[in-house]
Protein chains: 2
Amino acid sequence: MPKAKISRSQIIQTSLATLAECRTLDQFSMRKVAATLKVDASTLYWHFENKQALLQAMADEIASQITFPDNQRDWQTQLTQLFRTIFAVYTAHPHAAELMLETIPASKTRLTLMDHIMAILVTAGFSETEANEAMTTIDFFLTGLIIDLTREQQFRSEINSKQAAYLHDQVQKMHQITHDAKLNHMQAAVQFRNTYTAKQQFEVGLKLIINGLLASKS
Amino acid sequence: MPKAKISRSQIIQTSLATLAECRTLDQFSMRKVAATLKVDASTLYWHFENKQALLQAMADEIASQITFPDNQRDWQTQLTQLFRTIFAVYTAHPHAAELMLETIPASKTRLTLMDHIMAILVTAGFSETEANEAMTTIDFFLTGLIIDLTREQQFRSEINSKQAAYLHDQVQKMHQITHDAKLNHMQAAVQFRNTYTAKQQFEVGLKLIINGLLASKS
DNA sequence: ACCTGAACACCGTTCAAGT
DNA sequence: ACCTGAACACCGTTCAAGT
């Protein structure tokens, strides 16, 4: 029994490191991970069924870093704290939000997390239906926000590659059209996005949804 | 001046038809579009700068089918009607939601639409900030919902390809873990998703957010 | 049990050359 | 102005063969 050159968890760690150096999720490839590990690409297929399986494992690894809030506090506080943690974890790992979106929550870690979010709401007196709706709404909001913002940030920083240059032009064009067509509300929106940080936008959106929940309760 | 074999709009139409036959967005390729048009793949690059540009054009084409609601009605009705139209248009075109997510709204069509949504809210008395938050929240919710649901639907219908089979297994596994670990709230969530249609889930989520807006107003 | 090499069937994109 | 062919540098995945 010869010692294995690489382990499953080693692949996951290296994959996350490799992903961190990719500008977009689809630049992440099995071949790049293999190259970093100094292993043939086909070797990875002994450890993982396919690329999707590796992505799922990476998503789980990230999700496992999310900790649960103190359950003595009221539901608004618990929910806010928990989603703040999720926000922090997602922003700490490049492309984490996209990874979650492209991946099925078929692990105990992720399912337990979702169950916990719903538990907070159900314990607070919401129905299962309301809890499910609230959870997915917040989750999609959070995921969408992060994906959108990281995209724009990358355009601002990198003009090296042709692809980045094209996308940068599109952002410029967006501002141009907004200005020329006198779309005043969009102009306000753009300015709003430029002055607020991602964290601030997250807080304000989360508050809106929680307020909505509060209202539906009474 | 020889007559052009193909036109820009012809490419866009064929692309949408080609996309409709792809099970996932990343199965959509320039080469497939070219093959359908009986043209060399490189020809497309005379009409479009790159793949991203074609995707943007496709997204615009879809977005142009969204009509605005009667502006005599109150803001809740207008907002609900408009997003119902968006929901209908997104579900009519396979992968439309993903297309919107992967693409920058750098066209007059899409920017005007966004401006209109904000205008409804600002006219109703919300601040630009609140309007922007509400718009993005609803948009992300809608996009996320559609992407999630279409994914699951595809798994249920197709077991042909190996890729689909793997994802189908993951969905199974998700149910299994949920059951075994007694994640009761998740179980309720799964059941909820199985009995409700996409449209119903959309309606209920939209109502929640609008109620939140109503509450924040008073 | 774990890994390699070569191969297959794909991609997006470029560019000289054709009409 | 519009299109082609060939080429480049990539992909994910499989599978017989090695240790």
Side-chain angles (χ1 to χ4, degrees), chain A residues 1-12 14-15 18-19 21-58 95 98-99 102-103 160-170, chain B residues 1-12 14-15 18-19 21-58 95 98-99 102-103 160-170:
Chain A
M1 52 184 117
K3 262 266 184 59
K5 256 177 101 171
I6 50 170
S7 68
R8 228 185 115 87
S9 68
Q10 213 177 341
I11 294 175
I12 297 171
T14 306
S15 295
T18 306
L19 177 61
E21 280 169 16
C22 292
R23 225 188 47 263
T24 59
L25 179 56
D26 55 44
Q27 276 177 17
F28 171 84
S29 73
M30 301 294 271
R31 294 175 117 106
K32 274 180 190 159
V33 175
T36 313
L37 285 165
K38 302 199 172 167
V39 140
D40 193 90
S42 58
T43 304
L44 299 178
Y45 286 81
W46 194 89
H47 298 271
F48 289 92
E49 194 170 339
N50 50 36
K51 189 184 184 180
Q52 183 74 22
L54 177 55
L55 292 176
Q56 302 245 141
M58 291 163 72
H95 311 296
E98 277 165 281
L99 212 49
E102 299 233 329
T103 249
N160 311 335
S161 79
K162 285 194 86 172
Q163 185 70 345
Y166 174 77
L167 292 172
H168 180 262
D169 284 353
Q170 290 308 111
Chain B
M1 49 183 119
K3 262 264 183 66
K5 254 177 104 172
I6 50 170
S7 67
R8 227 185 116 88
S9 68
Q10 213 176 340
I11 295 175
I12 297 171
T14 307
S15 295
T18 306
L19 177 61
E21 280 169 16
C22 293
R23 225 186 50 263
T24 58
L25 179 56
D26 55 45
Q27 276 176 19
F28 171 84
S29 72
M30 300 294 271
R31 294 175 117 107
K32 274 180 189 158
V33 175
T36 313
L37 284 166
K38 303 199 172 168
V39 140
D40 193 272
S42 58
T43 304
L44 299 178
Y45 287 81
W46 195 90
H47 297 272
F48 290 92
E49 195 170 341
N50 50 35
K51 190 183 184 182
Q52 182 74 22
L54 176 55
L55 292 177
Q56 303 246 141
M58 292 164 71
H95 311 297
E98 277 165 280
L99 213 50
E102 299 234 329
T103 248
N160 312 335
S161 79
K162 285 192 86 170
Q163 186 69 347
Y166 173 78
L167 293 171
H168 180 262
D169 285 353
Q170 290 307 113

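Per chain, numbering begins at 1; letters A, B, ... match sequence-line order. In what follows, every heavy atom counts, from backbone to side chain, and hydrogens, waters and symmetry copies are set aside.
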I want to verify a distance call: between [options], whose nearest atom is closest to the [X] side chain?
X      : options                  : answer
K32(B) : dC11(C), dC3(D), dC3(C)  : dC11(C)
S29(B) : dG12(D), dG5(C), dG12(C) : dG12(C)
M30(B) : dG12(C), dT4(C), dC11(C) : dG12(C)
N50(A) : dC3(C), dT13(D), dT14(C) : dT13(D)

So, for A57(A) and I12(A), which heavy atoms are closest and what is the spacing to 0.1 Å?
->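 For A57(A) and I12(A), the tightest heavy-atom pair comes out as CB-CD1, 3.7 Å.
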Which one is paired to dC10(D), where only Watson-Crick or G-U wobble pairs with both distances under 3.5 angstrom count?
->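 Across all strands, not a single nucleotide pairs with dC10(D).
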Quick one: look up who dG5(D) pairs with, Watson-Crick or G-U, both distances under 3.5 Å, and put none if it's unpaired.
->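 Pairing partner, where one exists within any strand: dC15(C).
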Any chance you could measure L37(B), atom CG, to S15(B), atom OG, to the nearest 0.5 Å?
->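 Spacing of CG (L37(B)) from OG (S15(B)) equals 7.0 Å.
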Distance in Å, T18(A) OG1 paired with K32(A) NZ, rounded so as to fall on 0.5 Å steps |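 The OG1 atom of T18(A) sits 9.0 Å away from the NZ atom of K32(A).
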Q52(B) side chain to E102(B) backbone, donor-acceptor under 3.5 Å |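 Side chain of Q52(B) to backbone of E102(B), a donor-acceptor pair under 3.5 Å: yes, one is there.
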Quick one: does H95(A)'s side chain have a donor or acceptor within less than 3.5 Å of a partner on F28(A)'s backbone?
->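 No, the answer is negative, given that no donor and acceptor are paired below the 3.5 Å cut-off.
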Find the distance [X]:[atom1] to [N]:[atom2] and express it as a whole number of Å.
X       : N       : atom1 : atom2 : result
K38(A)  : dC3(C)  : NZ    : P     : 16 Å
R8(A)   : dA1(C)  : CZ    : P     : 16 Å
F28(A)  : dC10(D) : CZ    : C1'   : 16 Å
W46(A)  : dT4(C)  : CH2   : P     : 13 Å
L167(B) : dG12(D) : CG    : C1'   : 14 Å
D40(B)  : dG18(C) : CG    : P     : 16 Å
I11(B)  : dC2(D)  : CD1   : P     : 11 Å
Q52(B)  : dC11(C) : CD    : P     : 18 Å

Should [X] be listed as having a side-chain N or O under 4.0 Å from OP1 or OP2 of [N]?
X      : N       : value
K51(A) : dG12(D) : yes
H47(B) : dC3(D)  : yes
K5(B)  : dT4(D)  : yes
S42(A) : dT4(C)  : no

Starting at the 5' end of DNA chain C, which residue's closest nucleotide do you reach first, A41(A) or R31(A)?
->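 Looking at DNA chain C, the more 5' nearest nucleotide goes with A41(A).
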